[in-house]
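Everything on this sheet refers to the single structure shown next.
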Amino acid sequence: MFRTKTHRLVLATATAASLTGGLLTLTVGPASAATAAKYADDFNGDGYRDYAVADSGSVTVTYGTATGPGTKVKTFNQNSAGIPGTAGDAGGFADYFGESLANADFNSDGYADLAVGDVSEKVSGKVAAGAVTIVWGSASGLGSKATRVPVTPHTYYGFGKALATGDFNGDGKADLAVADGVKTVYVYRGGFSKSGTTGKVTKHVPSSSLTDVFEPTGLVAGKVTKDKATDLYVLGQGYKYQTDKMTQAAWFLRGGTTVKSGKFTTYDSSSPDYSPTGVVADFDKNGYGDLAVSDTPYNKGAGSVVVMRGGATGPTTNYRLSQSTSGVVSAPAKGDSFGTALSAGDTNRDGYPDLAVSASEEKVGSAKGAGGVHVLRGGKSGLTGKSSQWFSRATAGVPGSPAESALFGLYVRLRDLDRDGDADLLISDNNDPSVLLLAGPTGITTADATEPALRADFPQ
């Protein structure tokens, strides 16, 4: 059975219904070659990155400009023309259309497309079977035509629990990985077409030698090894009958002509986390991608981040970062949730990716759960606490004031929003406008802080 993310905004009560007339369904078949979009999130093909954010069963796209996010915005849901399904209540489940998102130019037509997951969708009479819809990009952007990804529906399986995109077989075409909420990861090979074709589909479940039970809760794609194929981490809850405990684990799937099962790493043996987050980046610049994954239950909820170093065949050794790590500002406290949100990018132009880590329930002053964000620096030794930065609503130059239960840092993104070559920090909380902090030669600065309407919850 799937579970919703722990710190997500509360979605409005709505549901998914069965398929409507005119729905296109993807089938397996040959693909055609074309020119792919420069950016995997340029939905209208104008050469600028765009931003898709979901909330309450709808998806809102903010279109990019030469100077960053612009004022052109479009919202669509399952009541919109061309989008399959019907927003509404079915079987008592909220409408989770958009709970998972992933973007790529799936049909190589020069326009990026958006895969939208909906674990609540009722399909062929199967309640909460789940569905994934590809909304096609065009000169006018997203929202006018969509195609449902094929899968045999099962009641309460929550197909679409997690999504990730990448070139998992190294053939130059965008592929799509989909996890259900029970046990299986599906890899759909490119190319996809609006007329109803996709490449080969494979299913992946860890063997009993790795774990007796494994419930996927997240997917993280990235280049871990040095070959041309994208690799995939499956985050989830493992269970061993002998110990009768749910554990947190990351299962590595190595990309290639055949996607192969790799190392299974249990990084918390005592506490489950049904909303882990992760990102792959080469924090030490050795040519191998490292996985940074949250472990918010660690140390009575104080939280931590586990980094799994990449190697020639996949993950190698691990190390853990927390607010106890030397150089990290503020001390750990029960329930801080260090690791709530993660995002990677180079904030100071030294060539090493840095990591933004939120502690969304950190007490700031007297405000419990006010929250804040750390920026940890990458370097030759990987991520450390040296020269780390800390931002909250109490930081000089950051708009607003700390407020109880605000969860500042509930959403975080490092992205070059002003297109000057370094990764800026966008922070969002439960209610207030987001805060954008620009980067410079020494890292993130508060000098020109602004409050854009864009929420820091678009695909990385």
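Counting from 1, the numbers follow the sequence of the chain as shown.
Between R393 and D429 there is a salt bridge, since a side-chain N of the basic residue sits under 4.0 Å from a carboxylate O of the acidic one. Salt bridge annotation for D420-R349: present, with a cationic side-chain nitrogen under 4.0 angstrom from a carboxylate oxygen.
Side-chain contact between Y267 and M308 is present, with heavy atoms from C-beta onward closer than 4.5 Å. Side-chain contact between N430 and S405: absent, with no pair of heavy atoms (C-beta onward) separated by less than 4.5 Å. Annotation: side chain of V53 is not in contact with side chain of V59 (no heavy-atom distance under 4.5 Å). Using a 4.5 Å cut-off on side-chain heavy atoms (C-beta onward), T347 and D422 make no contact. Residues R189 and T202 form a side-chain contact, since some pair of their non-hydrogen atoms from C-beta on lies under 4.5 Å apart. Proximity of Y48 to Y39: side-chain heavy atoms (C-beta onward) are nowhere separated by under 4.5 Å. The shortest side-chain heavy-atom distance between Y352 and R377 does not fall under the 4.5 Å cut-off. Residues F192 and T147 fail the side-chain proximity criterion, which asks for heavy atoms closer than 4.5 Å.
In terms of the ring pair (Phe, Tyr, Trp, His ring centres under 6.0 Å) criterion, Y298 has no residue partners (sequence neighbours excluded). The side chain to side chain donor-acceptor pair (under 3.5 Å) test applied to S434 returns S428, not counting sequence neighbours. In this view, F408 satisfies the ring pair (Phe, Tyr, Trp, His ring centres under 6.0 Å) rule with no residue, not counting sequence neighbours. With sequence neighbours excluded, the residues forming a side chain to side chain donor-acceptor pair (under 3.5 Å) with R49 are D41, listed by chain and number. Legend: residues meeting side chain to side chain donor-acceptor pair (under 3.5 Å) with T277, ordered by chain and number and at least two apart, are absent. Looking at residues two or more places apart in sequence or on another chain, you find a ring pair (Phe, Tyr, Trp, His ring centres under 6.0 Å) between F338 and H374. In this view, S144 satisfies the side-chain contact (heavy atoms from CB on, under 4.5 Å) rule with no residue, not counting sequence neighbours. For the ring pair (Phe, Tyr, Trp, His ring centres under 6.0 Å) test, no residue two or more places apart in sequence or in another chain qualifies with Y63. Contacts of V280 classified as side-chain contact (heavy atoms from CB on, under 4.5 Å), with partners at least two apart in sequence or in another chain: V220, V224, Y233, L291. A search for side chain to side chain donor-acceptor pair (under 3.5 Å) contacts involving Q460 returns S343, not counting sequence neighbours.
Listed by first then second residue, pairs satisfying salt bridge (charged side-chain N to carboxylate O under 4.0 Å, His left out) with a partner in residues 281-291 number zero, not counting sequence neighbours.
A donor-acceptor pair under 3.5 Å links the side-chain atoms of Y188 to the main chain of P150, judged by distance alone. Looking at S100, its side chain does come within 3.5 Å of a backbone N or O of G160 through a donor-acceptor pair. In terms of modelled atom types and a separation under 3.5 Å, the side chain of D424 and the main chain of A439 share a donor-acceptor contact. Between the side chain of D105 and the backbone N or O of D109 there is at least one donor-acceptor pair closer than 3.5 Å. Counting only distance, with no hydrogens or angles, the side chain of D180 and the backbone of K183 share a donor-acceptor pair below 3.5 Å. Of the possible polar contacts, one joining the T165 side chain to the N103 backbone as a donor-acceptor pair under 3.5 Å is found. K74 contributes a side-chain N or O that, together with a main-chain N or O of L142, makes up a donor-acceptor pair within less than 3.5 Å. The backbone N or O of V61 sits nowhere less than 3.5 Å from a side-chain atom of T75 that would complete a donor-acceptor pair. Between the side chain of T230 and the main chain of D167, a donor-acceptor pair closer than 3.5 Å is present. The backbone N or O of D118 lies less than 3.5 Å from no partner atom in the side chain of E99, so there is not a single donor-acceptor pair.
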Side-chain atoms of residues 251-265: list all donor-acceptor pairs with protein atoms under 3.5 Å, sequence neighbours left out, distances to 0.1 Å.
from	atom 1	to	atom 2	distance (Å)
W251	NE1	S261	OG	2.9
R254	NH2	D227	OD2	3.4
K263	NZ	T316	O	2.7

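Taking the ring axis of Y288 as reference, the NZ or CZ atom of K226 stays within 45° of it and closer than 6.0 Å to the ring centre.
For the atom pair NZ (K126) and OH (Y157), the distance works out to 11.0 Å, reported to the nearest 0.5 Å.
The closest side-chain donor-acceptor pair between S358 and S360, if any, does not fall under 3.5 angstrom.
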